[in-house]
Amino acid sequence: MRAPGGAGHAAAAARFLRDAERASWHDAALWHVRARRDAAAAAVPEWEALRERAAAIRRHALAHLGEYLEQFERNATSLGARVHWAADAAEHNAIVLAILRERGAERVVKSKSMLTEECGLNAHLESRGIEIVDTDLGERIVQLRREPPSHIVMPAIHLRKREIGDLFAERLGSEPGVCEPAALAEVARRHLRAAFLRAQAGITGANFLLADTGGLVVCTNEGNADLGMVLPPLHVVCVGIEKLVPRAADLGVMLRLLARSATGQAITAYSSHVHGPRPGGELHVVLVDNGRSALLADPALGDALACIRCGACLNTCPVYRRSGGHSYGTPVGGPIGSVLAPAREPARHGSLPSACSLCGSCREVCPVGIDLPAQLVSLRGTLRARGQVGLRRRLAARAAAAVLARPALYGAAGALARRVLKRLPEAWWRRSAWGRERARPRLPAASFRTRWRQRVR
Ligand code: SF4
C-alpha cells in the first residue's frame, strides 16, 4: 500500500482514483469533516486570537526546546517517571524492546501513536516475539489488514463499512454480513477488552508534554489509551521531542483548538492527564528525535515542528481528499506529511512537495498557522537544486513557468486547449477521468453519520 520512492505519489494516486466510488466518498467524507471544523471555529468568537496564541506558544517552545526538554525530564523524574532519549527510530525501538524484555512483558496494547508508526515499532516488536495490539478502533482495523493508517486522526477513513464487516467476520469471528457501525463497534469492544485484560504493558503516544509539571496529556475519543495506561503495570510513552508546551496553563489554548480543528468537536471525549506512574506501576517516557533537531535547524522548514497533528490540513487538501492517504507512502500524509517526509528522506519522498496545487487552504485552517504552501515551494526548489526532480517534471515546470509569466501566451494556450477539448470525440470524453468525474452521482447533503447509516459506503 505504500507509495514507492521518488515518483511515487502520482502513480499511487492514479491507483486510488481507479475506484471512482471510493474516491468520491473519501472526498465527500473528508470535506464533511472540514465543514464541521469550520462550524466549530465559527462558534468561537475569539478563534483567530486563539490561533495566534497557539502559534506563539508553539514557536516559543521550539525556540527554547532544549531548556524545556530538560525541565520536563527533571519534573517527570521527580514524579516517578523514567525518561529516555532516543536519537532515531532504531534507538527508540531498542529502548522500548529493552524495557519490555526487562519486565518480561510479551503482550502489549498500544493506543494510536503516529510516532510508533514512523519508527516501525509494531514490526520491530512482532519480529521479536512480542504481541502488540493496536486498540484505537481504526488502528486495529488497519493492523488486522496489515496496512498503515491512511489518516492521522481517522486511520481507516479509506475503508467501506462492508469491508470492515468482512474483515471482522474473517479475523474476529463476527457474523458474516454484519456491517452496522454499532454492531461492529460491539465486536471490536469485546475483542479489545480481552486484549486489555491480557496485556502486560501499555504503549501510548502523547499529544502534549508539560515542561513545568512533568505531566503529559493524551487525547482520544474511545478511552482506549486510558485502559492501556492504567490496567497493565507498565506504561511506556513514545513521543516526539517537539510535543512540549512550556506550561500547564497553555494547555487550554491547545485543547480548544485541537479537537475543533480535527473533527469539529468542542473537545475530545477523553483528555487524560498523566503525572507519574499509577500506584504500583512504572512509567517510562521515550523522547524521540529522529530527524527533528535537524528539521528545527532548517530556517525554511523548521516551523513544521509546530504541528499538533490535528489533521485539518489533510481534510481540506483537494489532493489528499482525491488521492487517499496511502498514496503518500508515509505515516503522516497530506500537506504536513509532504513537508515532513521529504525533509527527512528527500530521495524516497521527493514526489510529495509536488502533490499540492498551492491553493493555500491548509494554511487557512492550520490552528498553529504553519505556512505549508511556502514550505512546499521551498522544498521543491531544494529538491530541484539537488537534482532530485525527474526530467519530465522539470520540463513541465519550465513550460508552465514560461506560459504563466506571459498573460497573452496564457490566454492563447487556454483558448487552444478549449478548442482541442471541444473536438474530442464524446466517447473519449466519457472515458476520461474528467468525464467520469462529471458523471459520478453526487452524494446527498446529509450528515456523515446519516450517510454512514444509509450504507452509502
Ligand atoms: S500542519 Fe497544522 S493543520 Fe496540519 S496537522 Fe499540523 S497543526 Fe493540523
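When a ligand or atom number is given, it counts from 1 through the structure's own listing order. Sequential numbering from 1 along the given sequence is applied to the chain's residues. All figures in this text were calculated on a predicted structure; none of them were measured in a lab. Keep in mind that the numbers below use all heavy atoms, side chains included, and drop hydrogens, waters and symmetry copies.
Protein heavy atom in closest approach to atom 8 (Fe) of ligand 1: Cys310 SG, 2.3 Å. Counting only heavy atoms of the protein, atom 3 (S) of ligand 1 lies nearest to Cys313 N, 3.4 Å. Annotation: atom 6 (Fe) of ligand 1 to nearest protein heavy atom, Cys307 SG, 2.3 Å. Closest to atom 5 (S) of ligand 1 among all protein heavy atoms lies Gly311 N, 3.3 Å.
Of the possible polar contacts, none joining the Asp166 side chain to the Glu163 backbone as a donor-acceptor pair under 3.5 Å is found. Put simply, the side chain of Asp27 never gets that close to the backbone of Arg321: no donor and acceptor are under 3.5 Å apart.
At least one heavy atom of Ile308 sits closer than 4.0 Å to an atom of ligand 1. At least one heavy atom of Pro367 sits closer than 4.0 Å to an atom of ligand 1.
Not less than 6.0 angstrom separates the ring centroid of His191 from the ring centroid of Phe168.
Note: Tyr320 and His151 have perpendicular aromatic rings, judged against thresholds of 30 and 60 degrees for the angle between ring planes. Taking the six-membered ring where the residue is Trp, Tyr68 and His64 present perpendicular rings, their angle passing 60° and hence far from 30°.
In Leu372, the part holding a heavy atom less than 4.0 Å from any atom of ligand 1 is the side chain.
The nearest N, O or S atom of Cys362 is not closer to atom 2 (Fe) of ligand 1 than 2.8 Å.
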Output, in order, the C-alpha distance, side-chain angles, deciding distance and verdict of side chain to side chain contact (heavy atoms under 4.5 Å, CB included) for Val239 and Leu287. CA-CA 5 Å; Val239 61; Leu287 300 172; 3.8 Å; yes

